[in-house]
Number of protein chains: 2
Amino acid sequence: MKHSFLLLLIFSVSFSFAQTEQEKIVEDFKPSSVNQPGKEFPKVNSEGRVRVQIEAPKANKVQLDIGGVKYDLEKNKEGVWLGESAPQDEGFHYYQLNIDGASVPDPGSKYYYGAGRWGSGIEIPAGDKEFYALKDVPHGNVSENLYFSEITQQWRRNFVYTPPGYFENLEKRYPVLYLQHGSYEDETGWSSQGHANLILDNLIASGDAEPMIIVMDNGYAYKPEDLEKAGENRPMSSFEEVLINEVIPKIDNKFRTISNRENRAIAGLSMGASHTMSIIMNNLDHFSYYGGFSGTANFPGNKKLDADTFLNGAFSNAEDIEEKLNMIFMSLGTKEAEIFFKTVNEFRDMLEKQDIDYTFYSSPDTAHEWLTWRRSLYQYAQLLFN
Amino acid sequence: MKHSFLLLLIFSVSFSFAQTEQEKIVEDFKPSSVNQPGKEFPKVNSEGRVRVQIEAPKANKVQLDIGGVKYDLEKNKEGVWLGESAPQDEGFHYYQLNIDGASVPDPGSKYYYGAGRWGSGIEIPAGDKEFYALKDVPHGNVSENLYFSEITQQWRRNFVYTPPGYFENLEKRYPVLYLQHGSYEDETGWSSQGHANLILDNLIASGDAEPMIIVMDNGYAYKPEDLEKAGENRPMSSFEEVLINEVIPKIDNKFRTISNRENRAIAGLSMGASHTMSIIMNNLDHFSYYGGFSGTANFPGNKKLDADTFLNGAFSNAEDIEEKLNMIFMSLGTKEAEIFFKTVNEFRDMLEKQDIDYTFYSSPDTAHEWLTWRRSLYQYAQLLFN
């Protein structure tokens, strides 16, 4: 069940949305900031509507599929289909086109891995977009880092953010944040749609975050024998074992890390929040900062948590927690589905009952999407390694 | 004209290809090695045919568009379209689907930037694929490296391959290869569809190439005033100026390079071969090795070259060239279009007349595509910095 966070959002409601308010549309559309080079469409207007265009002269029906709703497009005399969505929330959204029943990427947009596929994404400019903008500050690098996992018997990779100065100041060592994606996403998410590198570049430039390394790995990791056993079911994940026994030692060998628990943080979004909470509570000798964005390990929260039994009693001793964990950080977007509030609130209730401190951040007007997580990282990173 | 190399291949011949040899198809199709995770289609068989499948229950006509030919698919009772191409050459090919006139990426494949768009790619396994395979050898890293260009007044980026050991052996400095993509491609091509990193990892592991840094930048670079002047035409490129005055100094500042002409090489494919030949002949104080894959600066070769006038007489003095250039390397695939043979052969004729040494590599049974260029890099890299 813990793997199904995003599934709630993936499957679009399959009905046509009659565009009854055509006349009200504000005609100030501009090409999306994440279009392919030279492409005019998709466009976004000041209301946050998404307008798409595609040439499909022989098609019977073309739809824009975004935010769980399919919007009919209209064909002009030249065989070009055009139409727009209702206003969307600020931030990043996955979407696709549907041409006579075929769900395909929009050839105008750049592509992202999310919702279990490489597909189209669009950016509705956010009022606070400056914190993740590419600005005139020193920039770190994001490196693709390949490694063979003996545990999964596969080549895997992570993306490693090294902060500005890493390549020049060869004496300096850095703390490390291990940062995980959500369900049906992968190791590309945080540096692509997440802008983790730009968020840190900006925070480091303004002196609001410590220079740190960020390691973004893939949370799906299965042993061959577990894959075989599982058959059609989801196999048992061995990501904790891969992270602790393979990723961290390899990162510490290759990069100039400060290799101790005081200088190691872990965080994740949605499924990643759940997994990383289990991982840190099982490995308090490895990490001292936890961040859970839009999720906790009790997902889907449908019962009161008992501190004596939840995660084998990991939160049963408040003094122990205060000593071993420098920070428990959690966040939610105000427009997330009820299930996420229920989950996180039950976890918070337990912490409060146990008298365990935590930090909570609420992202205004965002749902279970990347603007919530960009903002969460922005808040969280400022609190690390001080 | 020099920018139009690939244009020759981009625009598909738009006719339907009757599948008259249906009965002869060898039924040993396997999922393509560059499919999205978990996707069964597209598939490739031992003949090199590409079979695609897409659900489009309401479509009238669906085609597979590959290698300049459109192949009709057939619809089954469930509304799923299926069909295959004629046998394709070994190696990597761009392709797309056409659904009722809409040209879109195949939702089953991974996406690549080429032919001026992010779109589908497929790999026909090559007999010699081991040289670019991900193998159990030490691996370098590929880093995204952002920089602001004062010349173009834009943020740009390159991808930088650092060889195995770069992050650990902090005393060691490395020679650098500047490696350019072709027309309608970008800075992602060489490390994605080109596998430049894996080719070098394998060559370094076997001792057949010197450990080197590879910088892969974007060959399109325009000053704001030139963009304005050009209007609808292609503006004058300032890539040479960006490379010499911005990229090289920034790379030398950030990475542990050996910063002299003896330890700097430049190479490119197609349009990149043409540009880099001009760049090196204008800047022999910066580089000492040239590689031109599937192209030379006299494209499109339609007249005999006069050494006294070609590139301002850069090749007029053989002794000068022998002293200043450690290597002129050229290559072509045996199935490339006549225009590329004509171009490169005319350049070779001129060199021979001038008694200037060069190395030529011929890639068997490949056209103006990535397997030609992977093989060319494999050959070229072995000759550098010895």
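Since the structure is predicted, the reported quantities are computational estimates derived from the model, not experimental observations. In the text below, chain A, chain B and the rest are named by the order of the sequence lines, each starting its count at 1.
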Out of B:Gly79, B:Pro37, B:Ala59, which one racks up the most heavy-atom pairs below 4.5 Å with chain A? B:Ala59
Residue pair A:Asn60 / B:Asp100: nearest heavy atoms and the distance that separates them: N-OD2, 4.4 Å
Do any of residues 163-170 of chain A come closer than 4.5 Å to chain B, heavy atom to heavy atom, and if so which ones, in number order? A:Tyr166, A:Phe167, A:Glu168, A:Leu170
Spacing of A:Glu144 atom CD and B:Ser143 atom OG [to the nearest 0.5 Å]: 9.5 Å
Quick note, salt bridge (charged side-chain N to carboxylate O under 4.0 Å, His left out) partners involving residues 132-143 of chain A, not counting sequence neighbours, are A:Glu130-A:Lys135
side-chain hydrogen bond (donor to acceptor under 3.5 Å, both in side chains), paired with A:Asn141, selected from B:Asn145, B:Thr162, B:Asn141: B:Asn145
Please check if the number of heavy atoms outside B:Lys250 that lie under 6.0 Å from its NZ is greater than 12. yes
When only pairs under 4.5 Å are counted, which of B:Lys110, B:Lys39, B:Lys254 shares the most heavy-atom pairs with chain A? B:Lys254
For A:Ser103, is it the side chain, the backbone, both or neither that has a heavy atom under 4.5 Å from a heavy atom of chain B? backbone
Go through the structure and list residues passing salt bridge (Lys or Arg N to Asp or Glu O under 4.0 Å) with B:Arg117, not counting sequence neighbours. none
To the closest 0.5 Å, what do you measure between OH (B:Tyr111) and OH (A:Tyr111)? 6.5 Å
Report, as yes or no, whether the 6.0 Å neighbourhood of atom NZ on B:Lys129 holds more than 12 heavy atoms from other residues, nucleotides or ligands. no
By a 4.5 Å heavy-atom criterion (distance strictly below it), what part of A:Asn253 contacts chain B: side chain, backbone, both, or neither? backbone
Hey, does B:Ile99 have a side-chain heavy atom less than 4.5 Å from the side chain of A:Val104? yes
Would you mind checking which part of A:Ile54 comes under 4.5 Å of any heavy atom in chain B, side chain (CB onward), backbone (N, CA, C, O), both or neither? side chain
Within residues 146-159 of chain A, the residues sitting under 4.5 Å from chain B by heavy atom, in sequence order, are A:Leu146, A:Trp155
Taking every heavy-atom pair that is under 4.5 Å apart, which of A:Pro105, A:Ser109, A:Gly140, A:Pro107 has the most such pairs with chain B? A:Pro105
Of the non-hydrogen atoms in B:Ala102 and A:Ala56, which two are nearest, and what is the gap between them? CB-CB, 3.6 Å
